[in-house]
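In this chain, residues are counted from 1 in sequence order.
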Amino acid sequence: MNVLIKTLAIGVACTAMVAVTAPALAQADPVPRQGIAAGDVLLRVRTILVAPNETSGSVLPAFPGEHVRVDNSFMPEVDVTYMATDHIGFELIASTTRHQANGRTGTTGSIGKLASTWVLPPTLTAQYHLNPTGRIRPYVGAGLNYTIFWNETASKGLGAAVGPTDVRMKDSIGWAAQAGVDIDITPRVFLNLDVKFIDIDTSARLRTTAAGTQRVAISLDPLVFGVGLGIRL
């Protein structure tokens, strides 16, 4: 709970910084205009919820029929969009989240938390903005994602059950889709609501002391819900 509170506080602080700096930036534009246009750069700071829709294979070869689940994670996120035309933009997101893998049933279920990992999923999407000159600007997008798993760590419970364990997860390449809306607060500052689906397929290798090497295939396929503030630079 303390981690969640700190994470949300960081997200709020970042969005507040955008709001505080916006008036000074707005003074640089003598004729404020509404909406977006070709050549604009949009900077957004969001708090995101990454909610995996995971499915997993069995933990093999020792635990057939036993599957894993992956928990949700909150984290701040920064993204930049470059408007190539009035309607078409390209967005790149930057964030990393920490997730835990837990056993569901049987032996692994009795252990509970099996491992944790940080996930870095840089995602590039091409967006179509439906109403670029309006105060309310919905958009849709699709693109590619490359997910990097790092700092994988076996849990203390797993170590107690099978001895020291080395965990590795395979990086993933997949597709992404999104929909969202920007709502102007001032000519430059806007509220942003965004949701993404990211295709992430990986496999985990657990090299244990007592149970040998175990592997499990996992499709994470998270929905990423974001809310935050943005500014037209």
Item to complete: Using atom types as modelled and distance alone, determine if a side-chain donor or acceptor of Ser95 lies under 3.5 Å from a backbone N or O of Pro76.
Response: yes
Worksheet item: Can we say Glu54 and Arg104 salt-bridge, meaning some charged N sits less than 4.0 Å from an Asp/Glu carboxylate O?
Response: yes
Fill in: Heavy-atom donor-acceptor pair, Thr208 side chain to Thr165 backbone, under 3.5 Å
no
Item to complete: With rounding to the nearest 0.5 Å, note down the distance linking CD1 in Ile218 to NZ in Lys170.
Response: 13.0 Å
Discussion item. We want to know whether Ser116 and Arg98 form a side-chain donor-acceptor pair, criterion being a heavy-atom distance below 3.5 angstrom.
Written reply: yes
Worksheet item: Does a donor on one side chain sit under 3.5 Å from an acceptor on the other, for Ser172 and Asp201?
Response: no
Worksheet item: Are Asp184 and Thr186 close enough that a side-chain donor and a side-chain acceptor fall under 3.5 Å?
Response: no
Worksheet item: Would you call Asp182 and Arg232 a salt bridge, taking side-chain N to carboxylate O under 4.0 Å as the test?
Response: no
Discussion item. Nearest 0.5 Å, please: how far is CG in Leu92 from OH in Tyr82?
Written reply: 15.0 Å
Fill in: Pairing of Asp71 and Arg69 as salt bridge, 4.0 angstrom limit
no
Fill in: Pairwise side-chain contact, Ser203 with Met169, heavy-atom cut-off 4.5 Å (strictly under)
no
Discussion item. Would Arg215 pass as a cation-pi partner of Phe63, given that its NZ or CZ must be under 6.0 Å from the six-membered ring centre and within 45 degrees of the axis?
Written reply: no
Response to the item:
Sequence neighbours excluded, the answer for side-chain hydrogen bond (donor to acceptor under 3.5 Å, both in side chains) partners of Arg135 is none
Worksheet item: Is there a path from Val216 to Val70 through hydrophobic residues (I, L, V, M, F, W, Y) whose side chains come within less than 4.5 Å of each other?
Response: yes
Worksheet entry | Ile173 CD1 to Ile200 CD1 distance, which is reported to the nearest 0.5 Å | 12.0 Å
Fill in: Set of residues satisfying side chain to side chain contact (heavy atoms under 4.5 Å, CB included) with respect to Leu223, sequence neighbours excluded
Asn53, Phe197, Phe225
Practice prompt. Could you tell me whether Lys196 and Glu91 make a salt bridge, using a distance below 4.0 angstrom between a side-chain N and a carboxylate O?
Written response: yes
Fill in: Thr108 and Glu66: side chain donor to acceptor below 3.5 Å
yes
Discussion item. Please verify the inter-ring angle class for His129 with Tyr139; under 30° counts as parallel, over 60° as perpendicular, anything in between as tilted.
Written reply: tilted
Practice prompt. For the pair Glu77 and Arg44, find out whether any cationic side-chain nitrogen is under 4.0 Å from an anionic carboxylate oxygen.
Written response: no
Worksheet item: Think Arg137 forms a cation-pi with Phe190, using NZ or CZ under 6.0 Å from the six-ring centre and within 45 degrees of its axis?
Response: yes
